[in-house]
Amino acid sequence: VRGQIAIPFSLTKKHSTKNGIIMKRDDKTVLEVSALENGTVIDHIPAGSLFKIINILSLDKITNRITFGTNLESKRIGTKALIKIADMEVDRHYLSRIALFAPEARLSYIKNFEVAEKIKLTVPDTIEGGVRCANPVCVTNHEKVTPKFDVVDKSRITLRCRYCEKITTADQFEIIK
């Protein structure tokens, strides 16, 4: 079946349903996640960053069908997470924020069960908003000023605040809306 997530065992029986495929193996029934007709898939998220991405996208506030998995095997990053959002295109202004927590992620826009566009996320040179400056006395933490950072190290995801010049590392990132 086109677009199904593979389960690593041989099938003995297969029955289609509206929302997926029911498979029988050794007298156990497994429901596979179905392909998206329309929506967004974010793949290759580091497993420990899944809930940060859910927070960035405010997925707890939408009513669309959402499927996510974590601690999935990945040859590229060891263990990964995956998010599938039905009938929604993730706005591109979120991509730089997602890249801070998932720099190897791939985002796919799905149309009529086909990948309409695939984007490999990259860490940008600058970040505006989305992350709080780690300096507690920075003006961005006390005034209505949008935090702005220069990315000084893309491999370790290290930011320098444009206002106070404080270095903020990935383990210090605090998401702000």
Side-chain angles (χ1 to χ4, degrees), residues 5 33 36 38-111 115-177:
I5 295 174
V33 176
L36 284 179
N38 297 294
T40 304
V41 176
I42 307 170
D43 197 4
H44 301 288
I45 301 167
S49 296
L50 173 66
F51 292 100
K52 292 173 185 166
I53 306 303
I54 289 171
N55 186 16
I56 289 168
L57 297 174
S58 299
L59 295 181
D60 59 325
K61 307 235 185 316
I62 67 171
T63 58
N64 302 54
R65 186 180 70 229
I66 302 168
T67 305
F68 65 86
T70 191
N71 296 318
L72 305 170
E73 189 175 314
S74 170
K75 291 177 184 172
R76 181 178 297 137
I77 61 174
T79 59
K80 70 175 183 175
L82 163 82
I83 301 172
K84 294 172 70 172
I85 311 162
D87 303 316
M88 180 182 133
E89 283 193 13
V90 169
D91 193 307
R92 291 175 189 270
H93 85 271
Y94 289 111
L95 300 186
S96 62
R97 294 178 190 177
I98 294 169
L100 289 177
F101 299 96
E104 298 292 319
R106 308 285 192 279
L107 184 136
S108 299
Y109 293 115
I110 309 299
K111 302 271 190 216
V115 176
E117 183 178 5
K118 191 169 200 165
I119 300 168
K120 180 188 179 308
L121 299 188
T122 57
V123 178
D125 294 326
T126 61
I127 299 288
E128 288 194 30
V131 178
R132 185 177 313 281
C133 179
N135 180 356
V137 297
C138 181
V139 66
T140 63
N141 289 323
H142 299 285
E143 308 271 332
K144 289 249 181 215
V145 178
T146 301
K148 295 179 184 177
F149 301 92
D150 293 314
V151 178
V152 294
D153 186 339
K154 290 186 179 190
S155 63
R156 291 192 181 110
I157 317 293
T158 306
L159 311 177
R160 180 187 305 112
C161 178
R162 287 192 181 171
Y163 296 98
C164 71
E165 299 196 7
K166 170 76 174 169
I167 297 294
T168 302
T169 58
D171 62 326
Q172 297 172 309
F173 289 166
E174 183 182 338
I175 299 167
I176 57 174
K177 303 273 179 172

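Below, each value reflects all heavy atoms present in this structure, side chains not excepted, and no hydrogens, waters or symmetry copies.
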Do [X] and [Y] have side-chain heavy atoms sitting under 4.5 Å apart?
| X | Y | value |
| --- | --- | --- |
| P103 | I157 | yes |
| D150 | R162 | yes |
| D125 | V151 | no |
| R76 | R106 | yes |
| L36 | T67 | no |
| I56 | L100 | no |

If every non-hydrogen atom of [X] is compared with every non-hydrogen atom of [Y], which pair is closest and at what distance?
| X | Y | answer |
| --- | --- | --- |
| R132 | T168 | O-CG2, 4.4 Å |
| E165 | R160 | O-CG, 3.5 Å |
| L50 | G69 | CD2-O, 4.2 Å |
| A134 | K166 | CB-CE, 4.1 Å |
| A99 | T122 | CB-O, 3.4 Å |
| F101 | I175 | CZ-CG1, 3.8 Å |

[atom1]-[atom2] distance between [X] and [Y], expressed to the nearest 0.5 angstrom:
| X | Y | atom1 | atom2 | value |
| --- | --- | --- | --- | --- |
| E128 | K148 | CD | NZ | 4.5 Å |
| E104 | L121 | CD | CG | 9.5 Å |
| C133 | L159 | SG | CG | 9.5 Å |
| F149 | I167 | CZ | CD1 | 10.0 Å |
| I110 | I85 | CD1 | CD1 | 11.5 Å |
| N55 | I53 | CG | CD1 | 9.5 Å |

- request: Check the pair I98 / L57 against side chain to side chain contact (heavy atoms under 4.5 Å, CB included), numbers first and verdict last.
  value: CA-CA 9 Å; I98 294 169; L57 297 174; 4.0 Å; yes
Check: [Y] main-chain N/O paired with [X] side-chain donor or acceptor under 3.5 Å:
| X | Y | answer |
| --- | --- | --- |
| S74 | I77 | yes |
| N71 | T79 | no |
| H142 | P136 | yes |
| N135 | V137 | yes |

message: Using the ring centroid of each side chain, check whether F68 and F51 are separated by less than 6.0 Å.
response: yes
- prompt: Can you tell me if NZ on K118 sees more than 12 non-hydrogen neighbours from other groups inside 6.0 Å?
  reply: no
message: Does E73, at its CD atom, have more than 12 non-hydrogen atoms belonging to other residues, nucleotides or ligands within less than 6.0 Å?
response: no
query: Should D43 and K84 count as an ion pair when the cut-off is N to O under 4.0 Å?
result: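 No, D43 and K84 are not salt-bridged.
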